[in-house]
There are 2 protein chains.
Amino acid sequence: MGEPRTPEAAARDVEAVLRLLEGRWKLELLFHLFGGQVQRYSDLERLVPGISQKMLAQQLRQLEADGLVTRTVYPQVPPKVDYRLTPWGQALCPALDAMLQWSALRAGLTEGHDAARAPGAH
Amino acid sequence: MGEPRTPEAAARDVEAVLRLLEGRWKLELLFHLFGGQVQRYSDLERLVPGISQKMLAQQLRQLEADGLVTRTVYPQVPPKVDYRLTPWGQALCPALDAMLQWSALRAGLTEGHDAARAPGAH
DNA sequence: CTGCATCCTGGCCGATACTG
DNA sequence: CAGTATCGGCCAGGATGCAG
């Protein structure tokens, strides 16, 4: 497969991933959709206190454009729209878990040893 | 251990991690330090074309403050300073690999199935 | 209910110049 | 060599109001 060889290429690829997750609210939205949860716009507005309507819509649209979430519009009045993760979005879990586990390492690694390998260089 | 239970807590933890990696140059700097590489200030300036001295110093200081890199000053003239990853910084690799692998999934998952679990909920 | 349009602010970041 | 100091542009994102 095409593992990145140069630091620059690897950095670019990871940056592309980070860019999908960046933004003040994306992760929190994602976490409210994991495990197959389906949420309406108003659900998310309630679940994410402090988010403005503009940002809620904007971040959801970006997540949709990036292929992470599916937006479903029900043609009815009053309008109903719901959001759920795509399979690819669900597949983010292991990566987020890896970050969580890494951050948990901090406690035991303020003093420690070494040994590591470069990402992409299995 | 304390795996996050609520989406809010998990989101906060992952966001904290992302915040360490955010910034225009952090990842590229990190990738130039993986595998135990030791780089001087001027090495990094050369390895990362386009970065200004201000940003180079600033991002390195942040990485140092966040416990990802070690800054070593050699008291001599001309001055010499080098940077290397802390053990915790090295331990970032698996997490970055997970993101790389996730992004590689995109190809095969534009059409797909489902099933996933929430991060932190092993 | 579910958004988009507009205005505005803070902070990131680049450019340039200067220092021990 | 390895930074610090200063100025300023740009834009993510908050507040508010309007629309289908």
Side-chain angles (χ1 to χ4, degrees), chain A residues 8 11-12 14-33 37-66 68-84, chain B residues 8 11-12 14-30 32-33 37-66 68-85:
Chain A
E8 294 79 8
R12 272 208 326 278
V14 179
E15 269 165 32
V17 171
L18 287 223
R19 196 147 298 120
L20 302 183
L21 273 18
E22 256 175 16
R24 183 93 195 317
W25 308 99
K26 296 241 188 83
L27 281 172
E28 189 161 352
L29 291 172
L30 252 15
F31 273 97
H32 283 294
L33 293 169
Q37 293 175 83
V38 179
Q39 308 280 9
R40 299 185 52 170
Y41 182 90
S42 50
D43 292 330
L44 292 168
E45 193 170 9
R46 175 176 36 79
L47 289 167
V48 184
I51 195 173
S52 68
Q53 294 181 320
K54 169 190 170 185
M55 290 314 295
L56 180 52
Q58 187 177 102
Q59 307 276 301
L60 284 169
R61 295 313 183 109
Q62 281 183 27
L63 290 172
E64 187 196 10
D66 291 334
L68 283 158
V69 314
T70 304
R71 178 172 179 268
T72 310
V73 182
Y74 299 85
Q76 62 184 39
V77 306
K80 172 181 169 180
V81 180
D82 65 35
Y83 298 87
R84 72 196 69 199
Chain B
E8 294 80 7
R12 273 208 326 278
V14 178
E15 269 166 30
V17 171
L18 286 234
R19 197 148 295 119
L20 302 183
L21 273 17
E22 258 174 14
R24 180 84 200 296
W25 307 99
K26 295 244 188 80
L27 281 173
E28 190 161 353
L29 291 172
L30 254 13
H32 283 293
L33 294 170
Q37 293 176 85
V38 178
Q39 308 280 10
R40 300 183 51 167
Y41 181 91
S42 50
D43 291 331
L44 293 169
E45 193 171 9
R46 175 177 36 79
L47 289 167
V48 184
I51 196 172
S52 67
Q53 294 182 319
K54 170 191 171 184
M55 290 314 295
L56 180 52
Q58 187 179 102
Q59 308 276 300
L60 284 170
R61 295 314 181 109
Q62 281 183 30
L63 290 171
E64 187 196 11
D66 291 334
L68 283 159
V69 314
T70 303
R71 177 172 178 269
T72 309
V73 182
Y74 300 86
Q76 63 184 37
V77 308
K80 172 179 170 180
V81 180
D82 65 34
Y83 298 87
R84 71 196 69 198
L85 291 180

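Each chain gets a letter, A, B and so on, in the order its sequence line appears, and its residues count up from 1.
- Across all strands shown, B/Gly23 has heavy atoms under 4.0 Å from sugar-phosphate atoms exclusively, and none from any base.
- Mapping B/Pro79 and A/Lys80 onto DNA chain C via the closest heavy atom, the residue that lands nearer the 5' end is A/Lys80.
- Considering only side-chain N and O atoms, B/Tyr83 lies under 4.0 angstrom from the phosphate OP1 or OP2 of D/dG3.
- Proximity of a side-chain donor or acceptor of B/Tyr41 to a complementary backbone N or O of B/Gln53 within less than 3.5 Å is detected.
- Counting to the nearest Å, the P atom of D/dG13 and the CD atom of A/Glu28 are 14 Å from each other.
- Residue B/Gln58 contributes atom CD, which lies 16 Å from atom C1' of C/dT16 at whole-angstrom precision.
- No option in A/Leu47, A/Val48, A/Leu44 other than A/Val48 meets the side chain to side chain contact (heavy atoms under 4.5 Å, CB included) test with A/Glu28.
- Atom CE of A/Met55 is separated from atom P of D/dT16 by 16 Å (rounded to the nearest Å).
- Between the CG atom of A/Leu56 and the C1' atom of D/dA12 there is a distance of 16 Å, rounded to whole Å.
- For C/dG3, its base never sits under 3.5 Å from the side chain of A/Lys54 at any donor and acceptor pair.
- Paired with B/Glu22 under the rule side chain to side chain contact (heavy atoms under 4.5 Å, CB included), one option of A/Glu15, A/Glu22, A/Arg19 passes, and it is A/Glu22.
- In this structure, B/Glu22 atom CD and D/dC11 atom P are separated by 17 Å, rounded to whole Å.
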- Kindly determine whether A/Thr70 and A/Arg84 satisfy side-chain contact (heavy atoms from CB on, under 4.5 Å), including the steps that lead there. CA-CA 5 Å; A/Thr70 304; A/Arg84 72 196 69 199; 4.0 Å; yes
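- Atoms CZ (B/Arg19) and P (D/dA12) sit 17 Å apart, rounded to a whole Å.
- Each of D/dA2, C/dC13, D/dG13 was ranked by its minimum atom distance to the side chain of B/Gln59; first place goes to C/dC13.
- Listed by residue number, the members of residues 37-47 of chain B with any heavy atom below 4.0 angstrom from DNA chain C form an empty set.
- Between the side chain of B/Gln39 and the backbone N or O of B/His32 there is at least one donor-acceptor pair closer than 3.5 Å.
- Listed pair A/Arg71 / C/dT2 fails the phosphate criterion, with no side-chain N or O lying under 4.0 Å from OP1 or OP2.
- If you find the closest nucleotide of DNA chain D to B/Pro78 and to A/Gln53, the one lying nearer the 5' end belongs to B/Pro78.
- The B/Ala57 side chain lies nearest to D/dT4 when the options are C/dG14, D/dG14, D/dT4.
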